[in-house]
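Note that these values count all heavy atoms, side chains included, but never hydrogens, waters or copies made by symmetry.
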There are 2 protein chains.
Amino acid sequence: MNAISKNDLMTLLIRALKTNGLKITEKRQILLNVFLKNPDTHFDFDTLYQEAKKEWPHYGVATLYRNLRIFVDKGILSENIIGNKKYYELKMFNKKKIHAHLICKYCGSIDEYYSPDLVKYIKMIDKKYDFDVYYGELNFYGICSNCKRAIKNDLK
Amino acid sequence: MNAISKNDLMTLLIRALKTNGLKITEKRQILLNVFLKNPDTHFDFDTLYQEAKKEWPHYGVATLYRNLRIFVDKGILSENIIGNKKYYELKMFNKKKIHAHLICKYCGSIDEYYSPDLVKYIKMIDKKYDFDVYYGELNFYGICSNCKRAIKNDLK
DNA sequence: TTGATTGCAAAATATTTGCACGTCA
DNA sequence: TGACGTGCAAATATTTTGCAATCAA
């Protein structure tokens, strides 16, 4: 196994900042670190804000809003709106790039789903509509297997 | 051709209101009529508000917000968030139900796309993840054919 | 040094709510 | 009539902006 360490990932992220002409500030590192600590999570604004404040109590909302926007623009984070909330995730972790979210209406869990069929499907859109897809948001709402099981048990 | 007339569609919508225990008020009819007038359009709040005000100058924001939420909850309208805006469309027109939006980053146009492959794709998710999909939002961002052509001409 | 970044507070937007009045069934 | 719906204004929530101070390069 050659899993990439969190330190390595941070190095990559810092390189990404440099590449984009952004300064490596402590506030930005704190933010990116929140993502690194929990790579599979989709964070909403409030959670990010609370987590950032744990590291730096004076972290300002404006700073967070500004950096989120910059990071999304520069392609470091992706933004996904589910329900009424915006969720952010490190694009780095989604080498799969375009993936789908499976959102459970019962427990609110957000899982990711990816398959080569999705790529095939997108290529088909390109061809059929002469539309160049370069990014996609796919949200499927439904009931996850855990909740299905729980519901069945309740009915017993 | 047996195209359904707008009157018929309004009748269906009114029936939908009744079925859901909602009163048939003038304000609601005005709102639904905005959608009927332009069936293929995805309306944002401001556009809906302006259109409603044309028919009833005192139409209030609260009324519009409330009715939009009710209609979305009852499944009469669907809500889709693109960029920072919420867009609404009559579900009635989307018998296809789950369809994708092709959003052009240049001109902002929003086209709809549907194919049986999408249905197949969703069924696969059901099976593979044991996740019951009952609704989906799919937004693909890219460049539409018109803009591609325009860009090519500019480069000449 | 110098332009980018930050925190704070204020401003601008977006959305919801309380309430008196109106109206659909 | 009576519950539901509406408009207005006020309250909240969300996001952006101006600006002086600070910081990274």
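- Atom CG of A:Leu17 and atom P of D:dC23 are 19 Å apart (whole Å).
- Where A:Leu22 and B:Tyr59 meet DNA chain D, the nucleotide closest to each residue was compared, and B:Tyr59 sits on the side nearer the 5' end.
- Closest approach to the B:Ile24 side chain among D:dG7, C:dA25, D:dG5 is made by C:dA25 (side chain taken as heavy atoms from C-beta onward).
- B:Lys74 has its NZ atom 14 Å from the C1' atom of D:dG5, to the nearest Å.
- A:Leu48 and A:Phe35 get closest at one heavy-atom pair: CD2-CZ, 3.7 Å.
- Between the CG atom of A:Asp73 and the P atom of C:dA4 there is a distance of 16 Å, given to the nearest Å.
- Distance OH (A:Tyr49) to C1' (C:dT6): 12 Å, rounded to an integer number of Å.
- Side-chain atoms of B:Glu137 and A:His101 form no donor-acceptor pair, as typed in the model, at a separation below 3.5 Å.
- Between C:dG7 and A:Trp56, a contact under 4.0 Å exists linking OP1 or OP2 to a side-chain N or O.
- Along DNA chain C, the nucleotide closest to B:Lys18 and the one closest to A:His58 are compared, and the more 5′ of them pairs with A:His58.
- Among the heavy atoms of the strands lying under 4.0 Å from B:Lys27 are primed sugar atoms or P, OP1, OP2 only; no base atom is included.
- Rounded to an integer number of Å, the gap from CD of B:Gln29 to C1' of C:dC24 is 11 Å.
- Comparing C:dT5, C:dC8, D:dG7 by their nearest atom to the side chain of B:Arg66 picks out D:dG7.
- Rounding to whole angstrom units, CD of residue A:Glu26 and P of C:dT6 are separated by 10 Å.
- A:Phe45 comes within contact range of no nucleotide atom at all, as no heavy-atom separation falls under 4.0 Å.
- Set against D:dC8, D:dG5, C:dT15, the side chain of B:Ala62 has D:dC8 as its closest nucleotide.
- Taking the side chain of B:Lys23 as heavy atoms from C-beta on, and the options D:dA9, C:dA9, C:dC24, the nearest nucleotide is C:dC24.
- Regarding A:Leu48, its CG atom lies at a distance of 12 Å from the P atom of D:dT15, rounded to whole Å.
- Distance from the side chain of B:Tyr65 is smallest to C:dA14 among C:dC24, C:dA14, C:dT17.
- Atom NZ of A:Lys18 has 12 or fewer heavy atoms from other residues, nucleotides or ligands within 6.0 Å.
- For B:Arg69, whose side chain is taken as the heavy atoms from C-beta onward, the closest listed nucleotide among C:dT17, D:dT17, C:dA25 is C:dT17.
- For A:Phe43 and A:Tyr87, the ring centers sit 6.0 Å or farther from each other.
- For A:Glu55 and A:Lys37, the salt-bridge test passes: some basic side-chain N is under 4.0 Å from an acidic carboxylate O.
- Note on B:Thr25: every side-chain N or O is 4.0 Å or more away from OP1 and OP2 of D:dC4.
- Taking only side-chain atoms of A:Arg28, from C-beta outward, the nucleotide of C:dG7, C:dT5, D:dT6 with the closest atom is C:dT5.
- With respect to B:Tyr65, the ring-ring contact (aromatic ring centres under 6.0 Å, His included) criterion is satisfied by exactly one of B:Tyr59, B:Phe45, B:Phe71: B:Phe45.
- Atom CG in A:Leu32 sits roughly 13 Å away from atom P in C:dT5 (whole-Å rounding).
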